[in-house]
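Contents: one structure, followed by commentary.
Residue numbers run from 1 in the order of the sequence given.
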Amino acid sequence: MENTVKLCFFSFGIMEQGGGFENYVIETAVGLKQYYPATDITILTASPRLTERLQSLLTLYHWRKHDVASIYRESRQAVESKLGGRVQYRHFDRITDLRRMLQDYDVIYTKNEILELGLIKRIGYAKLPPVIIGVHTSIYYPVAPSASARLHNLLYTGRLYQWLINGAQSIKVNTRDDQEFVQCKLKFPVVQVVHHAFVVTDRPGPQRHDGLNLLFVGRLSEQKGVDILLAVTDMLAQNGVLARLRLKIAGSGDAAITQKVLELADRYENVTYLGHVANAEIGGLYDWCDVTVIPSRYETLNKVAIETGMACRIALASDIP
C-alpha cells in the first residue's frame with residue numbers, strides 16, 4: 001500500500017485575512033489535493049485570538065494603528081467552502097502545541113516572514129520535517145520611502161535573516177531576480193524558481209462602451225502605490241481627461257490611505273471606492289474593466305497582473321519585476 005504524504009502549509013495569520021498569500025495557500029492546497037488525492041494536506045495557523053494579538057503588536061512595528069477587524073475580511077464559512085472538506089484547517093494556541101502539530105507532517109511549507117521563521121527556528125529545524133520557505137513577502141524593497149520600509153530592508157537582508165533561514169530544505173521564489181538575490185545576498189544555496197499556479201476560466205471579452213473603465217484591486221498601502229494612483233487621478237481631473245474615465249478602487253488597508261481614497265471618491269463622481277471585495281466577487285470587476293492599474297513600488301509576484309491577462313484585459317503597471 002502506498003504511504004500517504006502529509007503536507008502542512010504553515011502561517012501565523014489566519015486564512016480569513018483574505019490576502020494574496022492566503023489565497024495562494026488555499027488554491028494551492030486544494031489544487032494539490034485534486035491532483036494528488038492520497039496526499040493529506042493541512043493548513044495550520046495561529047488561533048484567531050493569537051492573530052488578533054499579533055495585529056496589535058504590528059502597530060508598534062509599522063508605527064501606525066492596525067485595525068483588528070482587517071483580519072476578518074473573509075468569513076470562516078467562505079474559507080471552509082473553498083477548502084471543500086478536502087483540506088484540513090487547524091489552529092494552535094501555544095508554541096508547545098505548534099511544535100507537536102508540526103512534527104506530525106512529512107513536509108512543511110511556510111512563508112518567508114520573520115515571525116514564521118522565528119517560530120520554526122525556536123523549535124529547531126532539526127526537530128522538524130523538511131521545511132520549504134516560499135518568498136511571498138519581498139525580501140528587499142528597492143524603493144523604501146518610509147521608516148518601516150527601511151527597517152524591513154535592514155532586518156531581511158542582514159545576518160539575523162540569514163540565521164533564520166539557515167536549516168531550511170530549500171527556498172522557493174517566483175522570479176529569477178529573487179533567486180539571484182537570495183543566492184548572492186543571503187548566501188542560501190538551494191533556491192528554486194516555482195511559478196504560482198492559477199485557475200484559468202473562460203471570461204467574456206471587453207464590452208463596447210464610451211470612455212474607459214479603470215480598476216485598482218489590492219491592499220491600500222504604501223507598497224501598492226496608492227498615493228501614486230491618487231496623485232495621477234487628480235492630475236487627470238485637472239487635465240480634463242478624468243471625465244472620460246471611470247475608476248473603481250477595491251481593497252482595504254492603512255487607515256490614513258483609506259481616508260484619502262474616500263476623499264478622492266467624494267471629489268469625483270466617476271471614482272468609486274468599493275472597500276474590501278470578497279475574492280469570489282473579484283471576477284466581476286475584471287469583466288467590468290478595460291484596464292487594471294498597478295502602481296506598486298515592489299512585489300514578489302503581482303497576482304492582479306496575472307489575473308488581468310487571464311481576463312483578456314490590459315495591465316498598466318510600474319516598472320518592477
Do Ile139 and Val143 share a hydrophobic cluster (ILVMFWY, side-chain heavy atoms under 4.5 Å, transitive)?
no
Taking Asp254 first and then Lys224, would you say they form a salt bridge - that is, a charged N and a carboxylate O separated by under 4.0 Å?
no
Between Glu52 (side chain only) and Arg49 (backbone N and O only), is there a donor and an acceptor less than 3.5 Å apart?
no
Using only atom types and a distance under 3.5 Å, with no angle test, would you say the side chain of Asn213 pairs donor to acceptor with the backbone of Trp288?
yes
Tyr109 versus Ile133: any side-chain heavy-atom pair under 4.5 Å?
no
Expected output: side-chain Gln17 to main-chain Ile14 donor-acceptor under 3.5 Å:
yes
State whether Lys303 and Glu27 are salt-bridged, where the test is any N-O pair (Lys NZ or Arg NE/NH1/NH2 against Asp/Glu carboxylate O) under 4.0 Å.
yes
Taking Asn153's backbone N and O only, do any of them form a donor-acceptor pair with Thr157's side chain (distance below 3.5 Å, no angle check)?
yes
Kindly indicate whether the side chain of Ser11, heavy atoms from C-beta on, has any atom under 4.5 Å from the side chain of Glu116.
yes
So do Phe9 and Thr42 actually touch side chain to side chain, heavy atoms under 4.5 Å?
no
Is there side-chain contact between Pro48 and Tyr72, with at least one heavy-atom pair below 4.5 Å?
yes
Determine all donor-acceptor pairs shorter than 3.5 Å in which one atom belongs to a side chain in residues 92-104; sequence neighbours excluded.
unit_1 : atom_1 : unit_2 : atom_2 : d
Asp93  : OD1    : Ser47  : OG     : 2.7
Arg94  : NE     : Asp97  : OD2    : 3.4
Gln103 : NE2    : Lys127 : O      : 3.3
Asp104 : OD1    : Lys6   : NZ     : 3.3
Asp104 : OD2    : Lys6   : NZ     : 2.9

Side-chain donor or acceptor of His152 paired with backbone N/O of Ser138 under 3.5 Å
yes
Do other residues, nucleotides or ligands put more than 12 heavy atoms under 6.0 Å from Gln88 CD?
yes
Basic-acidic side-chain contact under 4.0 Å: Glu80, Arg76:
yes
Just by distance, do the side chain of Thr39 and the backbone of Tyr36 share a donor-acceptor pair under 3.5 Å?
yes
What side-chain donor-acceptor pairs closer than 3.5 Å can you find for residues 119-126, not counting sequence neighbours?
unit_1 : atom_1 : unit_2 : atom_2 : d
Lys121 : NZ     : Trp163 : O      : 2.8
Lys121 : NZ     : Asn166 : O      : 2.8
Tyr125 : OH     : Leu164 : O      : 2.7

So, does Tyr156 use its side chain to make a donor-acceptor pair with the main chain of Ile114 at under 3.5 Å?
yes
Starting at CG of Leu274, measure out to CD1 of Ile249 and round the result to the nearest 0.5 Å.
8.5 Å
Sub-3.5 Å donor-acceptor pair from the side chain of Arg313 to the main-chain atoms of Asp287, do we have one?
yes
Taking His276 for the side chain and Ser252 for the main chain, is one N or O donor matched with an acceptor at less than 3.5 Å?
no
The remaining residues in the hydrophobic cluster of Tyr298, counting side-chain heavy-atom contacts under 4.5 Å among Ile, Leu, Val, Met, Phe, Trp and Tyr, are Tyr141
I'd like to check Val293 versus Leu215 (side-chain heavy atoms, cut-off strictly below 4.5 Å). Are they in contact?
no
Would the distance check show the side chain of Tyr273 and the main-chain N or O of Gly251 forming a donor-acceptor pair, the cut-off being under 3.5 Å?
yes
I'd like to know whether CZ of Arg150 has more than 12 heavy-atom contacts from other residues, nucleotides or ligands below 6.0 angstrom.
yes
Go through the steps to decide whether Asn174 and Val193 satisfy the test side-chain contact (heavy atoms from CB on, under 4.5 Å), and finish with yes or no.
CA-CA 5 Å; Asn174 293 305; Val193 178; over 6 Å; no
Do other residues, nucleotides or ligands put more than 12 heavy atoms under 6.0 Å from the CD1 atom of Ile314?
no
Any side-chain heavy-atom pair of Val79 and Ile26 under 4.5 Å
yes
